Novice: 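I have a structure here, written as structure tokens, and I will follow up with some questions on it.
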Amino acid sequence: MAAKGRVTFSQDQCKGCGLCVDVCPVHILALDRESINAKGYNPAYCTDQEKCIACTNCATMCPDLVIVVERL
Amino acid sequence: MAVVFERTKGLTPISTHYCPGCTHGIIHRLTAEAMEELGVLDQAIGVAPVGCSVLAYKYFNCDMHEAAHGRAPAVATGIKRVLPDKFVFTYQGDGDLASIGTAEIVHAAHRSENISVVFVNNAIYGMTGGQMAPTTLAGQRTTTSPLGRDPAHAGYPIRISEMLATIPGATFIERVAVDSPANVRKAKRAIKRAFEIQLEGKGFSLVEVLSTCPTNWGIEPPNALKWLKENMIPYYPLGNFRDATKEEVSDGQ
Ligand SMILES: Cc1ncc(C[n+]2csc(CCOP(=O)(O)OP(=O)(O)O)c2C)c(N)n1
Ligand code: SF4
């Protein structure tokens, strides 16, 4: 069974580039089109924390190091 | 519960000025993590280039020096020769290293200066607004090649790693890309190996990292990664072009 994880975003530092979104194997990341951060971007967020498998793909691709991944 | 990914201590907490999705940020992280893991942050001196990474001195959590355009290998040479116990690296773009700074990089490799180079090839001059670089692909549109680079007029893109690998003094030359998580992980291993070679006193090491410039390519960040994969990697194949430390081993067998 895949590991369980938790992914946390420093949303105020996110530039909304979306590189994390495509590489998530369980498709639980998206850009939040409803909010705009202080930098003026739609930040990335996790749509379903329960499904995170702590693979770290998202954080590996994040150019701004806004993602912390924990294994539960 | 264990943290499996967090910000490296090799970077300052400052948010970078890089455009959204620019992979300079990933390459900064890999460089910083490699230094942190090798325990050299306290003894490291980096040399920043001219180009979008001109402000790298604000981001790397070690001593940094600025160099004139293309001259980072010369400045690094001076630092390393005066302070041989320091870990000395340069971080340079393709406009910096493959154009105005070609003489410096060729001769630093030729002398096998015991320094490490992180060479970021994004096939364009980013900082100045997207002009053609020596590394711009044939047919690639830039502000100075609006109809696409015409090799009959501008020559073919220069393959720096292949060229440097022919120099006896170039101890370690590898080309990597940061277009996917797997390739980012491989890029980290190459950068770390290049740094180890310096720590072992074995001479010049360079890692060419294929990178994106979503802004000046005019391509959204996720598609820029795809563009890199489909257009840059076929012309700039990934892999190790020289590892003289292994050649020594096989010579002795
Ligand atoms: C002596 C000198 N010539 C020209 C310039 C203008 N200039 C600034 S950055 C740059 C090119 C940068 O491109 P690259 O090294 O590919 O880095 P990028 O911005 O793409 O990361 C040029 C030509 C300069 N600053 N100094
Ligand atoms: S101009 Fe290009 S290389 Fe420079 S920060 Fe923006 S995306 Fe990166």
Side-chain angles (χ1 to χ4, degrees), chain A residues 1-33 35-47 49-72, chain B residues 1-33 36 52-53 59-61 120 122 177-189 209 211-215 219-226 228-229:
Chain A
M1 202 186 94
K4 284 204 44 99
R6 180 161 65 206
V7 60
T8 324
F9 291 81
S10 301
Q11 286 195 324
D12 49 341
Q13 304 292 317
C14 177
K15 295 177 187 160
C17 70
L19 294 192
C20 56
V21 174
D22 285 2
V23 296
C24 175
V26 289
H27 311 292
I28 53 169
L29 303 181
L31 297 182
D32 184 357
R33 298 293 180 197
S35 78
I36 296 177
N37 68 10
K39 285 184 181 287
Y41 300 115
N42 296 137
Y45 76 115
C46 179
T47 57
Q49 213 42 269
E50 290 297 304
K51 292 197 183 136
C52 176
I53 56 169
C55 72
T56 72
N57 271 5
C58 54
T60 300
M61 294 309 292
C62 177
D64 295 286
L65 289 104
V66 309
I67 308 173
V68 171
V69 184
E70 291 161 298
R71 195 181 304 251
L72 302 178
Chain B
M1 189 165 66
V3 173
V4 287
F5 193 108
E6 65 183 339
R7 191 182 183 92
T8 165
K9 291 180 183 61
L11 292 174
T12 61
I14 300 170
S15 178
T16 70
H17 69 290
Y18 296 115
C19 303
C22 171
T23 47
H24 263 305
I26 300 179
I27 304 164
H28 277 35
R29 172 175 73 77
L30 302 181
T31 305
E33 284 180 352
E36 186 189 12
C52 283
S53 45
Y59 308 138
F60 286 113
N61 200 6
V120 180
N122 60 7
V178 289
D179 60 310
S180 67
N183 277 347
V184 170
R185 292 178 183 117
K186 277 190 205 154
K188 162 94 169 279
R189 283 197 287 277
V209 189
S211 185
T212 66
C213 178
T215 299
I219 307 177
E220 288 206 351
N223 286 336
L225 294 181
K226 213 167 149 236
L228 186 168
K229 181 174 179 222

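To find a chain, count down the sequence lines: A is the first, B the second, and so on, and within it residues start at 1. Quick caveat, the model's predicted, so the values are computed rather than measured.
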Novice: Under 4.5 Å heavy-atom distance to chain A, tell me which part of I27(B) shows up: side chain, backbone, both or neither.
Specialist: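 No part of I27(B) comes within 4.5 Å of chain A.
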Novice: If the plane angle is over 60° it's perpendicular, under 30° parallel, otherwise tilted; pick one for H28(B) and Y59(B).
Specialist: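 Tilted, since the angle between the ring planes falls between 30° and 60°.
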Novice: Under 4.5 Å, heavy atom to heavy atom: which of residues 63-72 of chain A reach chain B? Give them by number, or say none.
Specialist: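 Counting heavy atoms that sit under 4.5 Å from chain B, the residues of residues 63-72 of chain A involved are P63(A), D64(A), L65(A), I67(A), V68(A), V69(A), E70(A), R71(A), L72(A).
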Novice: If I measure from the heavy atoms of chain B, does C62(A) come under 4.5 Å with its side chain, its backbone, both, or neither?
Specialist: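 For C62(A), the contact with chain B is made by the backbone alone.
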Novice: Chain B heavy atoms under 4.5 Å from C58(A): which part of the residue, side chain, backbone, both or neither?
Specialist: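 When you check distances to chain B, no heavy atom of C58(A) falls under 4.5 Å.
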Novice: More than 12 foreign heavy atoms under 6.0 Å from NZ of K39(A): is that the case here?
Specialist: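 Check passes, neighbour count above 12.
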Novice: To the nearest 0.5 angstrom, please state how far the OG1 atom of T212(B) sits from the CG atom of L19(A).
Specialist: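 Separation between the atoms: 7.0 Å.
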Novice: Specify which of A224(B), P221(B), C22(B) makes the most heavy-atom pairs with chain A at under 4.5 Å.
Specialist: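 Answer, by heavy-atom pair count under 4.5 Å with chain A: P221(B).
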Novice: Going by heavy atoms in the side chains, are K188(B) and T60(A) under 4.5 Å from each other?
Specialist: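 They are not in contact (no side-chain heavy atoms under 4.5 Å apart), so the answer is no.
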Novice: Between A182(B), G25(B), C19(B), P214(B), which residue shows the highest count of heavy-atom pairs closer than 4.5 Å to chain A?
Specialist: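 Heavy-atom pair counts peak at G25(B).
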Novice: Tell me, for D22(A) versus chain B, whether the close heavy atoms (under 4.5 Å) come from the side chain, the backbone, both or neither.
Specialist: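 D22(A) touches chain B through side-chain heavy atoms alone.
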Novice: Do the side-chain N and O atoms of K15(A) and T16(B) include a donor-acceptor pair separated by under 3.5 angstrom?
Specialist: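 The criterion, which ignores hydrogens and geometry beyond distance, is satisfied for T16(B) and K15(A).
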